[in-house]
Amino acid sequence: MPTVLRIGPYRFYFFSNEGDEPPHIHVDRDAATAKVLLEGVELARSRGLRQKEINAILGIIAEHRAGLTEAWHDYFGTAD
């Protein structure tokens, strides 16, 4: 599970076996988690996060989208 970013209480990472899925990022804070698609910065699912926190996470991902997407393609050897 490569961690590609840490901001505040959040860890942004992806699973090593998900290269056949569309680019996305997982976010954890303690036991709370979310999966966000990088194209369009769209929430795929979440558990244990309030809407305000989800919105903050989506904002962080939008701000760092280019770097997160690049990390995805670098790791999985795929191109845009």
Mind checking ring pair (Phe, Tyr, Trp, His ring centres under 6.0 Å) for F12 and listing every partner two or more places apart, or none if nothing turns up?
none
Sequence neighbours left out, what pairs pass ring pair (Phe, Tyr, Trp, His ring centres under 6.0 Å) with at least one residue falling in residues 25-61?
Y13-H26, F15-H26, H24-H26
Smallest separation among heavy atoms of R47 and A31, with atom names:
NH2-O, 3.5 Å
Going by side chain to side chain contact (heavy atoms under 4.5 Å, CB included), name the residues that satisfy it together with P2, two or more places apart in sequence or in a different chain.
F14, S16, Y75
Please list, one pair per line, the donor and acceptor atoms closer than 3.5 Å that link side chains of residues 34-45 to other protein atoms, with sequence neighbours excluded.
from : atom 1 : to  : atom 2 : distance (Å)
K35  : NZ     : E21 : OE1    : 2.8
E39  : OE1    : R65 : NH2    : 3.4

Nearest-0.5 Å distance, CD1 of residue I57 to NZ of residue K52
13.0 Å
Would you check if D28 and Y10 make a side-chain contact, meaning some heavy-atom pair closer than 4.5 Å?
no
Please identify each residue that fulfils side chain to side chain donor-acceptor pair (under 3.5 Å) with H64, with sequence neighbours left out.
none
Does the pair R29 and E53 meet the rule for a side chain to side chain contact (heavy atoms under 4.5 Å, CB included), with working shown?
CA-CA 10 Å; R29 179 200 41 81; E53 195 167 18; 2.5 Å; yes
Does any non-hydrogen side-chain atom of T33 lie less than 4.5 Å from one of V27?
no
Which residues satisfy the side chain to side chain donor-acceptor pair (under 3.5 Å) test with D74, sequence neighbours excluded?
none
From I60 CD1 over to N55 CG, what is the distance, rounded to the nearest 0.5 angstrom?
11.5 Å
